[in-house]
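Notes to accompany the following structure.
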Amino acid sequence: MPSLALAGHRGGPEDRTGGDFFPVYTTVSSALSHADPHLVEVGKAYGLRGVALLTRIQLPSAAPAVVAGLRLGLAQGWLFLVAAELIASSMGLGFLLIDSQNTGRTDILLLSILLLALLGKTADALLGLAERRLPGGHG
């Protein structure tokens, strides 16, 4: 959590909470609440209730929005991770950025920026690949 990073806390990934949760939560809850009412009605006509209705009708119809929310959360997570490392860290790519700026090592600075971009794009591409494998996925 960035506030813990400001306080000098150097916890692991299990201590990180916050900013990447809310895009996923709001997207999933919005997608579930905007599920096609005709599909829900058909599911109820076939006797689906509760968890069965959720897993067989609502979640599959919300899957593209869920993956979009995961992609937003992934981007937010990267932003918070790098920001926390920039503010209060003694290791990581964010620290490497600040350290190379302070020491005038432009080569390391550019390499760390390139590495951050490559890691972010790779993670996004993997989620995009998973999105295409979903039923009703794009592409």
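Values below: all heavy atoms of this structure, side chains included; hydrogens, waters and symmetry mates excluded.
Side-chain contact between K121 and L118 is absent, with no heavy-atom pair separated by less than 4.5 Å. Under the 4.5 Å side-chain criterion, counting only non-hydrogen atoms from C-beta, V24 is not in contact with L72. L111 is not listed as a side-chain neighbour of D107, based on a closest heavy-atom distance of 4.5 Å or more.
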For this session: Show your reasoning for whether side-chain contact (heavy atoms from CB on, under 4.5 Å) applies to L32 and L59.
Result: CA-CA 7 Å; L32 288 176; L59 281 179; 4.0 Å; yes
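Within the model, atoms CG of L97 and CG of L115 stand 10.0 Å from one another, a figure rounded to the nearest 0.5 Å. Rounded to the nearest 0.5 Å, atoms OG (S61) and NE2 (H34) are 12.0 Å apart. The distance from the CH2 atom of W78 to the CG atom of D124 is 11.5 Å, given to the nearest 0.5 Å. A distance of 5.0 Å separates CG of L86 from CD1 of I98, quoted to the nearest 0.5 Å. Expressed to the nearest 0.5 Å, how far OG of S100 lies from CZ of F95 amounts to 9.5 Å. How far CG of L93 is from CG of D99: 12.5 Å, rounded to the nearest 0.5 Å.
With hydrogens and angles ignored, the 3.5 Å screen pairs a side-chain donor or acceptor of T26 with a backbone N or O of P23. Using a distance-only test at 3.5 Å, with no hydrogens or angles considered, no donor-acceptor pair links the side chain of E131 to the main chain of V67.
Clustering ILVMFWY residues whenever any of their side-chain heavy atoms sit less than 4.5 angstrom apart, transitively, puts L79 in a cluster other than the one holding F21. Residue V66 is grouped with residue L74 when hydrophobic side chains (ILVMFWY) are merged at heavy-atom distances under 4.5 angstrom, including chains of intermediate members.
Smallest separation of non-hydrogen atoms from L54 and P60: O-CD, 4.1 Å.
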